[in-house]
Amino acid sequence: MKGLINTRLILIILAALTIAGCNKQKKAESAGIYDYHETDGFTRADSIIDKLSDLRDYDLMLRATDSLYKKGELSKSKYIFYSTVTLNLLNQQLTSLKLYYQLDTLDLREIKTQTDIESYVYSYNNYIRMLCDMRRYDRALRETNKADQRLKWIGYTTFTEHHDIAQITGESQLYMGQEDSAAISFQRSLNGIHKRLVNHHNPLDLRECQKTMNAIAKCYMHKGLFYKVDRWIKIQDSLYVMAQNYPEPDSVYLDEMQAEINYSKALLAIKQGKKDVAEKAYKLYKQTNTAKTLYNIVNDNEYLMWSGRYAEAARNFERLDEFLLTNGYKCDLENIGRYMIPKYRANMLAGRRDSAIHVADVIADYYNRALVDQKINDANLLTMVYDTEGKERQLVEKEAELSHQRLLAVGVITILVVIFFYFYAITRSKAYKKLDDTNKQLKLANQRAEESNRIKSKFIKQISHEVRTPLNVLSGFTQVLANKDIEIDSSELQTISQKIVENSERITGLVDKMLDLSLVNADADIECNDFITPANIADNAIELSGINKARHLVLELQEEPEAEVTHIHTNLKAAVKALAMLLDNAMKFTHPLAFKGAAPDKKARVTIIIDISDNKVTFTVEDTGIGIPAYQAEEIFTEFVQLDEYTDGTGIGLSIARSLARHMNGNVELDTSYIGGARFIMTLPLI
C-alpha cells in the first residue's frame, strides 16, 4: 500500500513523545494549546512503551499497551496512538483502521496533559494519511474537518495549518477534481513549513518539510499538471541546501533528499521532452544509496517506463515478489494495479511475451480473491461506521428517555411527599425497582441482538466468499465456451471441463456442509443401524476427502488386524463424513515441507491410526502441518471460527465432525500434547 508508515519515522514520533515528557509544558500558543494542561503527563507507562519501541519487539509492545490501558495507566488517546502505530508497523492496517474510528467517540474531557493531546493529534494525522493512501479522498476531507473542530474545542487551533495535514488535504482535493481548492491547501502547506522552520530547522525538520514538498510535486505530475511542478522542486532544492549547511548535517537524510529531488526532476524533464536533462537527473539519482534499496529499485520503474526503457524496467520487476514479501504487502486490488499490471506492461513492451503471459496468469489468479477481499473490507468499514453512528444515536435517545423518566419520577415523588411520607417512600422504592428491571431487560435484549448480528454477519461474510469464488470461475469458463470466436483445442477443453467439475463439486460440498450443520443443530437423531468394520469407515473417508490424491503429502494408514474383522454398530454415512472432515482439515493445513525449510523433494505426512480397546474404536488423524495452539483447542470447534482468516473455508467442518460423533455417542478432540503438527482423535463406541 502506498504510504506505508516508515519504521524509522514512527520510532522518531515515539521518541518525540519521550522528549515531550522530559520537558515541562510551555504556553503553546504556536501549537494552539491552552495552558490549562498543568503537567506534561509523561508516566511510567510511556517509559515502558518507549523502551519496547527501542527493542522493536512490536508484538510485545502491543500486548504491553493493552495491559497498561486495562490497568488504567494509559489514557484512551495514548492507547489509540501507541496501538495504531504498532499495528501499522506489523502491517495490520485494517485492524489499525478500526481503532482510528474510536477517535470520534473519545471524550475530549479525558485529554488533560501535553502527551495526551500530542497522541490525539498524531493519531488523527496518521488516520487521515492512511485514508488518503487508500484513495478514500472524500472521507479523508471529512475526517480532517471533524478533527479540526474537535481539536479547536480543546484549544488546538493549528491542525489544518500543519504542512503535512494541509498537503494531505490538497492531495485529496486535487484527485477529486478540485484544482483551485488544492492550490490553496498546498500554499497553506508551504506557509506551515515557513512557520516550522522559524524555530525548528534541524536535519529532521528539513527532511520532513522536503518530503511534504515532494509529495505536492508528485501529485501534480500524476495529474498531468507538469507546468505547476517546477516551483515545488525548487523549494526542495533550497531545503536541501539548508540541510547541507547545517552545523551537524545528517548524511542519511541528505542522501534521501538528493534521491527524491533528482528523481522528481528526471520525471518532470522526461515528460517535458528534455531527455538529456532527464538522463542527467536520473544518473544523479542512481548514484545515491537510497536508489539502491529494494523499495526504490521497484518503485523507480515509473521513470524507466516513461522514458521507454522497458527492458530495464522488466529486469527491476524481477525482484517484485521479494519486495512484496519483504514489506508485508498483500496482492489486493490496489497493489495489483500499482505493481502487477506495470510489471506485465514492462515485460510485454520489452518483448518478453512468455514472462508477460505468466504475469497475466498471476494477475488473473489474484483478481477474484482480491475483489472479494476488497468488497468484504468495504462492507466491514461501512458496518463499523453505521454501528458507531447508530450507537451514538441510541445513547443520546436513551439518555433523553432516562432524563424524562427521572423528571416524571421527581414530580410524582414531590407530590407524594406532600401527601404522605410513607406513601412516598414505598412508591419511590417500587419505581426504582421497576426501572432497574427494565434496564436489565434492555441490556439483555441488546446483548442478544448484538450476538445475533455478529453471528449473522460472520456467516454471510464467510459463505459469500466460499460461494462467490467458484461461481466466478464457472461464470468465466461459461463465457469462454459460449464465445464462438474463441478456438479451444482438446487439451484446453479438458482443462476447462476439469475446472468446471472441481468448482461445481466445491459448491455442492459447501451445500452438503450447510445441510449437515442444519441437521446437527436441530438435534435430529442419528440412527446407528449399520454393521461395519472400522477399516471400511477409514477407506470410505479417505475416498470421500480425496486426501489420497493430494500431491503435496504422503498418506499412511496404520491399523490393527482387528480393524478388518471387528464390526461396530454405527451410522456409516455420519461416521465416514466426520472422519472425512478431519482428513480434509489435515490436507488443507498440511503444506509442503519446503515451506518449513526442508528439502524440496521431502513431502509432508498425514497418518491415520485405528485402535480398538476399552469397548471403543479410536481414529487418530495426525499431520505435520502448522499445528494449533493449546489455548485454542476448544475454540476451533466453535461454528464459523477460523484461526487463519486468509485460508479458504467456512469454519464449520470441525464443528460438524464433533457434533456428528457426539450424536453417535462418540467424540472428537484435539490432542494438545502433540507438537509436530495437529492430532485429532475421534472415538466411536463398539456397540
Of all heavy-atom pairs linking Cys219 and Gln167, the shortest is SG-NE2, 4.3 Å

Mind checking the CD1-CZ spacing from Ile128 to Arg142? Nearest 0.5 Å is all I need. 12.0 Å

Any donor-acceptor pair under 3.5 Å from Asn125 side chain to Val121 backbone: no

Assess whether a salt bridge exists between Glu161 and Lys195, defined as any Lys/Arg side-chain N lying under 4.0 Å from an Asp/Glu carboxylate O. yes

Under the criterion side chain to side chain contact (heavy atoms under 4.5 Å, CB included), I'd like the reasoning laid out for Tyr220 against Leu174: C-alpha separation, chi angles, the key distance, then a yes or no. CA-CA 8 Å; Tyr220 276 131; Leu174 187 61; 4.0 Å; yes

How many angstroms lie between CD in Gln236 and CE in Met257, if you round to the nearest 0.5 Å? 8.0 Å

Does a side-chain heavy-atom distance below 4.5 Å link Leu103 with Glu143? no

Would you say Asn126's side chain and Ser123's backbone share a donor-acceptor pair under 3.5 angstrom? no

Main-chain N/O of Leu106 paired to Arg150 side chain as donor or acceptor, under 3.5 Å: yes

Backbone N/O of Val241 and side chain of Asn245: donor-acceptor pair under 3.5 Å: yes

Begin with the C-alpha distance, continue with both residues' side-chain angles, and end with the deciding distance and a verdict on salt bridge (charged side-chain N to carboxylate O under 4.0 Å, His left out) for Lys51 and Asp57. CA-CA 10 Å; Lys51 291 178 180 178; Asp57 188 344; over 6 Å; no

Run the numbers on Tyr82 and Asp46 for side chain to side chain donor-acceptor pair (under 3.5 Å), then give the verdict. CA-CA 9 Å; Tyr82 287 136; Asp46 299 285; 2.7 Å; yes

Compare all side-chain heavy atoms of Lys211 with those of Glu208 and state whether any distance is below 4.5 angstrom. yes

Atom CG in Asp205, atom CD in Gln210: separation rounded to 0.5 Å? 13.0 Å

Step-by-step side chain to side chain contact (heavy atoms under 4.5 Å, CB included) determination, Ser77 to Glu110: CA-CA 8 Å; Ser77 60; Glu110 296 178 5; over 6 Å; no

Just verifying a value: how many Å separate Arg63 CZ and Leu52 CG, rounded to the nearest 0.5 Å? 9.5 Å

If every non-hydrogen atom of Ala182 is compared with every non-hydrogen atom of Gly170, which pair is closest and at what distance? CB-O, 3.3 Å

Taking the inter-plane angle between the rings of His222 and Trp306 on a 0 to 90° scale, is it parallel (under 30°), tilted (30 to 60°) or perpendicular (over 60°)? perpendicular

Check: Tyr79 and Leu99 side chains under 4.5 Å, non-hydrogen atoms: yes

Would you indicate whether Tyr344, at its atom OH, is surrounded by more than 12 heavy atoms from other residues, nucleotides or ligands within a distance under 6.0 Å? no

Taking the side chain as every heavy atom from C-beta outward, state whether Arg196 and Cys209 have any pair of such atoms under 4.5 Å apart. yes

Evaluate Asn262 against Thr288 for side chain to side chain contact (heavy atoms under 4.5 Å, CB included), listing each step before the verdict. CA-CA 10 Å; Asn262 281 298; Thr288 64; 5.6 Å; no

Shortest non-hydrogen pair, Tyr227 vs Glu179, comes out as OH-OE2, 3.6 Å

So, the side chain of His201 versus the backbone of Leu197: is there a donor-acceptor pair under 3.5 Å, distance only? yes

Donor-acceptor contact present, side-chain Thr293 to main-chain Asn289, <3.5 Å: no

Could you walk me through whether Asp148 and Asn145 pass side chain to side chain donor-acceptor pair (under 3.5 Å), step by step? CA-CA 5 Å; Asp148 186 49; Asn145 293 331; over 6 Å; no

Would you sort out whether Asn191 and Gln187 count as a side chain to side chain donor-acceptor pair (under 3.5 Å), showing the intermediate values? CA-CA 6 Å; Asn191 295 340; Gln187 183 59 45; 3.2 Å; yes

Backbone of Leu304 reached by a side-chain donor or acceptor of Asn301 within 3.5 Å: no

So, do Tyr137 and Gln173 sit near enough that their side-chain heavy atoms are less than 4.5 Å apart? no

Of the non-hydrogen atoms in Leu74 and Thr65, which two are nearest, and what is the gap between them? CD1-O, 3.9 Å

Report, one line per pair, each donor and acceptor closer than 3.5 Å where one atom sits in a side chain of residues 266-283; sequence neighbours left out.
unit_1: Glu279; atom_1: OE1; unit_2: Arg309; atom_2: NH1; d: 2.9
unit_1: Glu279; atom_1: OE2; unit_2: Tyr303; atom_2: OH; d: 2.7
unit_1: Glu279; atom_1: OE2; unit_2: Arg309; atom_2: NH1; d: 2.8

Can you check whether Arg188 reaches His163 side chain to side chain, under 4.5 Å on heavy atoms? no

Applying salt bridge (Lys or Arg N to Asp or Glu O under 4.0 Å) between Glu171 and each of Lys218, Lys223, Arg129, report the one that passes. Arg129

What's the separation between atom CD1 in Ile233 and atom CD1 in Ile261, rounded to the nearest 0.5 Å? 9.0 Å

Rounded to the nearest 0.5 Å, what's the gap from CD on Gln114 to OG on Ser119? Could you check? 10.0 Å

Flag the pair Leu206 / Tyr253 as yes when at least one side-chain heavy-atom distance between them is below 4.5 Å, and no otherwise. no

Is the backbone of Thr290 close enough, under 3.5 Å, to the side chain of Asp255 for a donor and an acceptor to pair up by distance? yes

Please verify the inter-ring angle class for Phe186 with Trp232; under 30° counts as parallel, over 60° as perpendicular, anything in between as tilted. perpendicular

Are Phe159 and Lys152 close enough that some pair of their side-chain heavy atoms sits under 4.5 Å apart? no

Flag, side chain of Asn88 to backbone of Thr84, donor-acceptor distance under 3.5 Å: yes

Ion pair present between Glu256 and Arg207, side-chain N to carboxylate O less than 4.0 angstrom? yes

Under the criterion side chain to side chain contact (heavy atoms under 4.5 Å, CB included), I'd like the reasoning laid out for Glu73 against Tyr69: C-alpha separation, chi angles, the key distance, then a yes or no. CA-CA 6 Å; Glu73 295 189 42; Tyr69 175 66; over 6 Å; no

Okay, side chain of Thr113, backbone of Asp116: is any donor-acceptor separation there less than 3.5 Å? yes

Closest heavy-atom contact between Cys132 and Ala140? N-CB, 4.3 Å

Given the rule in the side chain to side chain donor-acceptor pair (under 3.5 Å) test, do Lys78 and Thr115 qualify, once you have shown the distances and angles that lead to the verdict? CA-CA 8 Å; Lys78 290 182 182 178; Thr115 50; 3.2 Å; yes

